[in-house]
Amino acid sequence: MIKVSEAALLLGGSEQWVRSLVKRGIIGDAYNGNPYYNSQKRMTYHIVPGQLAEYMRISESELNERLKGVRN
């Protein structure tokens with residue numbers, strides 16, 4: 001699982017920008033648990049490694065190597 005903060009470091013942007021990418025379906029999926037309740041409820045952000053790697057124009061193995069660097 002890739003955290004929003006980790007993705008922000010990898011992409012060189014803010015966490016809010018990463019959340020925006022996820023909400024738009026560019027690097028993952030965001031949901032709030034109830035599809036019929038669209039208020040300011042907390043969102044869950046799921047970053048898909050393959051989509052993030054594609055967005056960064058690198059391979060998934062390269063993404064995993066970069067994640068190791070961010071996590072250490």
Side-chain angles (χ1 to χ4, degrees):
M1 183 174 89
I2 302 172
K3 296 178 183 179
V4 171
S5 59
E6 294 170 340
L9 287 172
L10 288 171
L11 293 170
S14 69
E15 291 183 18
Q16 188 59 39
W17 177 61
V18 171
R19 288 185 190 99
S20 172
L21 291 174
V22 175
K23 282 183 182 179
R24 291 182 283 153
I26 295 172
I27 62 169
D29 188 32
Y31 54 94
N32 67 2
N34 186 348
Y36 303 107
Y37 185 70
N38 290 327
S39 72
Q40 296 296 326
K41 191 174 178 184
R42 280 187 169 228
M43 300 289 289
T44 299
Y45 299 92
H46 176 74
I47 298 171
V48 178
Q51 288 180 329
L52 178 57
E54 184 178 328
Y55 181 78
M56 295 175 69
R57 299 180 188 260
I58 60 174
S59 67
E60 283 191 59
S61 59
E62 175 66 22
L63 175 65
N64 288 330
E65 290 299 317
R66 291 185 186 190
L67 271 173
K68 287 178 187 176
V70 168
R71 290 177 177 163
N72 289 333

| request: Report yes if the side chains of Ile27 and Ile2 come closer than 4.5 Å at any heavy-atom pair, otherwise no. | output: no
| task | Report the residues that fulfil salt bridge (charged side-chain N to carboxylate O under 4.0 Å, His left out) with Glu60, sequence neighbours left out, ordered by chain and then residue number. | result | none
| said: Distance check, rounded to the nearest 0.5 Å: Leu63 atom CG versus Glu65 atom CD? | reply: 10.0 Å
Under 3.5 Å, which donor-acceptor pairs link side chains of residues 43-58 to any protein atom two or more places apart or in another chain?
| from | atom 1 | to | atom 2 | distance (Å) |
| --- | --- | --- | --- | --- |
| Gln51 | OE1 | Gly28 | N | 2.9 |

| Do side-chain atoms of Glu62 reach the backbone of Ser59 as a donor and acceptor pair under 3.5 angstrom? | no
| task | Specify the closest pair of heavy atoms between Arg71 and Met1, including all atoms of both residues, with the distance to one decimal. | result | NH2-O, 2.9 Å
| Of all residues at least two apart in sequence or in a different chain, which pass the side-chain contact (heavy atoms from CB on, under 4.5 Å) check with Ser14? | Gln16, Trp17
| query | Out of curiosity, does Tyr31 fall in the hydrophobic cluster containing Val22 (side-chain heavy atoms, cut-off under 4.5 Å, transitive links)? | reply | no
| note | Here the gap from Arg66 atom CZ to Leu9 atom CG, rounded to the nearest 0.5 Å, amounts to 13.0 Å
